[in-house]
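Worksheet: one structure, shown below.
Being a predicted model, the structure only gives us computed values, none of them experimental. The first residue in the sequence is number 1, and the count goes up from there.
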Amino acid sequence: MTIRVIIVDDQAMVRAGFAALLAAQSDIDVVGEAPDGKQGVEVSRTTHPDVVLMDVRMPEMDGIAATRTLLDPPPGVIHRPKVLMLTTFDVDDYVYEALRAGASGFLLKDAPPADLIAAVRVVAAGEALLAPTVTRRLIEDIARQRPSGRRDRSSELNSLTPRETEVLELIARGLSNQEIAEKLVLAEQTVKTHIGRVLAKLGLRDRAQAVIFAYETGLVTPGDQ
């Protein structure tokens, strides 16, 4: 099945470079592009992509506002693409808000081409791009900087079984499904089932949202090992 992608970035060279790289893949089809968030939303509503590569800083509407618009659409709009944020180390402060807005993860703009291709495939498959160590460090740094932003949702944890709570904690610590399976001595498919139940019970969109939830409720705190 071909993955439909649009690229939203205010730099024409970036859009052209990413488009050429992705279009060369047999399983990826670049179906549109836009120079700002507002036009990105319009293109997405027209082309119905599976994945939106979304820059953070753009004119008219930034990537975070555009992500919120795409993932919390008005009545009558059904399509909700996966959003992969494009960022650099100097905009770390935006990562937390991007994930809370519903982004499935983020990728550094200077990442190797193979990482971009892999990221699109990972996000399209319904996973969150949160496994790399750098991502975990960034999320912990942001959580450490924003203790006042924590919402009281701890009561929602009571809906989870002890095993589901354990799985949620390991997700937030940055472990992959395979690593969780090895740590808990479970089949990887069983881990996937637990994750699905966690997301359903907590009303979360994906693993990215699960990580934010774990930090907000205090289940995991920065520096936990």
Side-chain angles (χ1 to χ4, degrees), residues 3-11 13-15 17-19 21-22 28 30 32-44 47 49-73 79-143 145-146 149 171-172 174 204-213 215:
I3 302 169
R4 296 168 59 82
V5 177
I6 68 170
I7 302 166
V8 185
D9 192 292
D10 62 344
Q11 297 182 48
M13 290 291 288
V14 170
R15 296 198 307 274
F18 285 176
L21 176 65
L22 294 174
I28 299 176
V30 178
E33 61 177 63
D36 60 64
K38 183 177 180 181
Q39 291 185 53
V41 171
E42 295 172 355
V43 172
S44 179
T47 60
D50 300 301
V51 177
V52 176
L53 287 180
M54 183 79 75
D55 189 20
V56 174
R57 290 180 172 176
M58 293 180 290
E60 293 294 328
M61 177 186 287
D62 65 32
I64 294 173
T67 297
R68 290 195 184 101
T69 302
L70 286 175
L71 301 181
D72 188 19
H79 180 254
R80 290 180 174 83
K82 302 291 184 181
V83 177
L84 179 60
M85 304 298 297
L86 300 171
T87 186
T88 56
F89 276 113
D90 65 345
V91 292
D92 289 353
D93 192 48
Y94 292 92
V95 174
Y96 182 86
E97 292 303 324
L99 294 176
R100 286 198 61 183
S104 293
F106 63 97
L107 187 72
L108 299 178
K109 278 191 174 183
D110 60 357
D115 286 1
L116 172 64
I117 296 167
V120 168
R121 290 170 177 155
V122 166
V123 170
E127 297 290 338
L129 203 67
L130 294 174
T133 303
V134 62
T135 305
R136 177 184 171 191
R137 285 203 307 268
L138 289 175
I139 292 174
E140 289 186 348
D141 287 344
I142 292 163
Q145 295 166 11
R146 296 174 175 272
I171 290 173
L204 303 174
R205 189 176 291 114
D206 56 24
R207 290 173 79 107
Q209 297 288 292
V211 171
I212 295 301
F213 177 91
Y215 277 106

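When all heavy atoms are compared, the tightest approach of Ala172 to Val211 is CA-CG2, 3.9 Å. Between Ser104 and Val123, the shortest heavy-atom distance links the atoms CB-CG1, 3.8 Å. In terms of heavy-atom proximity, Ala101 sits nearest to Arg68 at CB-CG, 3.5 Å.
Shown here are the salt bridge (charged side-chain N to carboxylate O under 4.0 Å, His left out) partners of Arg4, two or more places apart in sequence or in another chain: there are none. Evaluation of the side-chain hydrogen bond (donor to acceptor under 3.5 Å, both in side chains) rule for Asp36 yields Gln39 as partners, not counting sequence neighbours. In terms of the side chain to side chain contact (heavy atoms under 4.5 Å, CB included) criterion, residue partners of Arg15 (sequence neighbours excluded) are, by chain and number, Ile7, Asp9, Ala12, Glu33, Pro35. Here Ile117 pairs with Leu21, Leu22, Gln25, Ile28, Arg121 under the side chain to side chain contact (heavy atoms under 4.5 Å, CB included) rule; sequence neighbours left out.
Rounding to the nearest 0.5 angstrom, the gap separating the CG atom in Asp50 from the CD1 atom in Ile6 is 11.0 Å. A distance of 9.5 Å separates CE of Met54 from CG of Asp62, quoted to the nearest 0.5 Å.
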Side-chain polar contacts of residues 79-86 - donor-acceptor pairs under 3.5 angstrom, sequence neighbours left out - could you list them?
from: His79; atom 1: NE2; to: Pro49; atom 2: O; distance (Å): 2.8
from: Arg80; atom 1: NE; to: Leu71; atom 2: O; distance (Å): 3.3

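In this structure, Ser44 contributes its side chain and Gly40 its backbone to no donor-acceptor pair below 3.5 Å.
For the pair Asp55 and Lys109, the minimum side-chain heavy-atom distance is below 4.5 Å.
Tested against Leu53, the residues Val30, Val14, Leu116, Leu107 include a single side chain to side chain contact (heavy atoms under 4.5 Å, CB included) partner, Leu116.
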